[in-house]
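Below is one structure, written out as structure tokens, with a few remarks after it.
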Number of protein chains: 2
Amino acid sequence: MNPDAIKRSLAGSGLRSTPQRYAVMAFLMKQTSHPTAAEIFEAVNRVDPRSSRATIYNNLRDLVQAGLVREVAMEGRAARFDATGTRHHHFICDRCGKIEDMDWYAVPRPAAASLGKRVLRECELICRGLCTQCASRRAPTQDSGLKERINTWKKK
Amino acid sequence: MNPDAIKRSLAGSGLRSTPQRYAVMAFLMKQTSHPTAAEIFEAVNRVDPRSSRATIYNNLRDLVQAGLVREVAMEGRAARFDATGTRHHHFICDRCGKIEDMDWYAVPRPAAASLGKRVLRECELICRGLCTQCASRRAPTQDSGLKERINTWKKK
DNA sequence: ACAACTATTTAGATCATATCTAATCTGAAA
DNA sequence: TTTCAGATTAGATATGATCTAAATAGTTGT
Ligand SMILES: [Mn+2]
Ligand SMILES: [Mn+2]
Ligand SMILES: [Zn+2]
Ligand SMILES: [Zn+2]
């Protein structure tokens, strides 16, 4: 996306276009990974060191509120973010914890009986297993169960 | 589930059955919500105050490694847990943040092309919208967009 | 171009959650 | 009953996120 389009989308959400805020948005948009606030802080300041830690957090909060960025649902401690460009699902690797985008496809909605009086807005998918890299590094053996997988991952 | 069954499932995972560990497991199994470590600490010690904070965390770690408990994938800061009894999906309320269980149903797996060389183990669903309580408290208006919903929720 | 107004940025303090340490205790096997 | 690896503990420490209040800078109107 070009600079002006980003600036317009900020303005369209009632957010001023500051160099710091622009940098966070632009970085997330060209990212295919799902960086933490700390990673965004580093990357953004490596290019142009004008953002404080608080500003990164402030801007992530504002961009999420504006719907331009989302926090990814997963079980780690540090929040991870992606720009809400195109709709997609996620794949989380059991072994290395990496979060990858998966092509979006409509998922059958829960049965009305199961839904009850809840109002459904969307269904997102979290696929789990081994990422390409981890799958090739060692084929999962029969006794390599959840325990082993979580162990490996937690040990970083 | 009866006490002996819990003890057997702990032993079956190579975990000693201690009063503290048993209490965490038993509490999670009778829970329909998705408590944080702090909530488990409080609840367990209200009944029988023998567990330290570190022990709650230690046991949650051990039970997750054993596959008897899982940490729920969601975007909050404090980890939330449930016993992995019956397979199910989750519904997260946009307004109050509550996580509810949804009946399990098989989800169509991603297309082979999209999956690539990844090894798929499972697909879990995160449904979003308004829980029964929030849906009835105020019907969503047309201009009540993501921004408003997140705002309301973040304000606790 | 300039002033005025308010959103934004900032360093550092503080909070919330999770993990580590190393001393002590205990479940369960023999 | 003895034994000892596994489990518990209080408190210290680490990590990630938010708050504070003073300084700065986009944007709008002139
Ligand atoms: Mn993504
Ligand atoms: Mn659940
Ligand atoms: Zn991997
Ligand atoms: Zn709700």
Side-chain angles (χ1 to χ4, degrees), chain A residues 3-4 6-8 10-25 34-42 44-45 48-66 69 71-72 74-81 97 147 150-151 153-156, chain B residues 3-4 6-8 10-25 34-42 44-45 48-66 69 71-72 74-81 97 147 150-151 153-156:
Chain A
D4 271 5
I6 295 182
K7 284 172 187 161
R8 273 195 306 277
L10 293 177
S13 299
L15 297 173
R16 284 186 188 168
S17 177
T18 66
Q20 293 89 343
R21 181 172 289 152
Y22 179 92
V24 168
M25 191 65 208
H34 298 83
T36 62
E39 288 163 355
I40 296 167
F41 173 82
E42 278 222 21
V44 153
N45 279 311
D48 183 1
R50 299 151 83 181
S51 298
S52 72
R53 207 163 43 90
T55 294
I56 297 292
Y57 279 107
N58 287 343
N59 280 325
L60 286 169
R61 188 231 303 119
D62 295 343
L63 292 169
V64 168
Q65 280 185 1
V69 165
E71 185 182 336
V72 178
M74 54 112 221
E75 60 278 31
R77 225 41 34 243
R80 293 182 171 274
F81 301 88
K147 188 169 179 177
I150 290 172
N151 259 323
W153 171 22
K154 295 263 159 142
K155 275 178 204 150
K156 281 202 238 12
Chain B
D4 271 6
I6 295 182
K7 284 171 187 163
R8 272 196 306 279
L10 293 177
S13 300
L15 297 173
R16 284 189 189 165
S17 176
T18 66
Q20 293 88 343
R21 181 173 288 152
Y22 178 92
V24 169
M25 191 64 208
H34 298 83
T36 62
E39 288 163 354
I40 296 167
F41 173 81
E42 278 223 20
V44 152
N45 278 311
D48 183 2
R50 298 200 266 171
S51 299
S52 72
R53 207 164 41 90
T55 294
I56 296 292
Y57 279 107
N58 288 343
N59 281 324
L60 285 169
R61 188 231 304 115
D62 296 342
L63 293 169
V64 168
Q65 279 186 1
V69 164
E71 185 181 336
V72 179
M74 53 113 221
E75 59 278 32
R77 259 357 342 108
R80 294 183 170 272
F81 301 88
K147 188 169 179 177
I150 290 172
N151 258 322
W153 171 22
K154 295 262 159 141
K155 273 178 203 151
K156 279 204 252 344

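Just so it is clear: chains get the letters A, B, ... in the order the sequence lines come, proteins before strands, and each one is counted from 1.
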Looking at [N], I'd like to know if its phosphate oxygens (OP1 or OP2) sit under 4.0 Å from a side-chain N or O belonging to [X].
X: B/T55; N: D/dT9; result: yes
X: A/Y57; N: D/dA17; result: yes
X: A/N59; N: C/dT9; result: yes

Ignoring hydrogens and geometry, is there a side-chain-to-backbone donor-acceptor pair from [X] to [Y] under 3.5 Å?
X: A/R80; Y: A/V72; result: no
X: B/E42; Y: B/E39; result: no
X: B/R53; Y: B/S51; result: no
X: B/R16; Y: B/A11; result: no

Mind checking [X] for me? I need base, sugar-phosphate or nothing, with any heavy atom below 4.0 Å counting as a touch.
X: A/A79; value: sugar-phosphate
X: A/R21; value: sugar-phosphate
X: A/A78; value: sugar-phosphate
X: A/S51; value: sugar-phosphate

**Complete:** With B for base contact, S for sugar-phosphate-only contact and - for none (protein heavy atoms under 4.0 Å), nucleotides 25-30 of chain C reads -BBS--

